[in-house]
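Only one structure is covered here, and it is reproduced in the block below.
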Amino acid sequence: MEVGAYDCVAACGSGREAACALSDACRAAGVPRLVLVSSIAVTDHFAHSRNATEADPLPPLAGYVSAYDRSKRRGEEAVLAAPLRAVVR
């Protein structure tokens, strides 16, 4: 079965599950590298982030208020942990 990114997102309940499904599909298809375009939501929209840079650590996940932000963060972490070369931008 051929699986595309949209299909994975539609079939999965969270950003983490969708990212895992996409990563698994890429690996199964022999895709050597996955490029994920990140979202500002991984930094927690409700946390103070003025003048923050990508070098700054992310806030503790337990403090995130938005389910969307938590989902985006978990999805990014899942892609980075996947056993395939991943680039997050």
Do Leu61 and Arg74 have side chains that approach each other closer than 4.5 Å (heavy atoms only, starting at C-beta)?
yes
Could you list all the salt bridge (Lys or Arg N to Asp or Glu O under 4.0 Å) pairs where at least one residue sits in residues 20-30, not counting sequence neighbours?
Asp24-Arg27
With sequence neighbours excluded, what pairs up with Cys26 under the side-chain contact (heavy atoms from CB on, under 4.5 Å) test?
Leu22, Val31, Leu34, Leu84
Could you tell me whether the side chain of Tyr64 and the main chain of Ala47 form a donor-acceptor pair under 3.5 Å?
no
What residues join Phe46 in its hydrophobic cluster, counting side-chain heavy atom gaps under 4.5 Å, either direct or through other members?
Val65
Sorted by chain and residue number, the side-chain contact (heavy atoms from CB on, under 4.5 Å) partners of Ala52 (sequence neighbours excluded) come out as Ser49, Asp56
Please name all residues satisfying side-chain contact (heavy atoms from CB on, under 4.5 Å) with Ala41, sequence neighbours left out, ordered by chain then number.
Ser39, His45, Tyr68, Asp69, Lys72
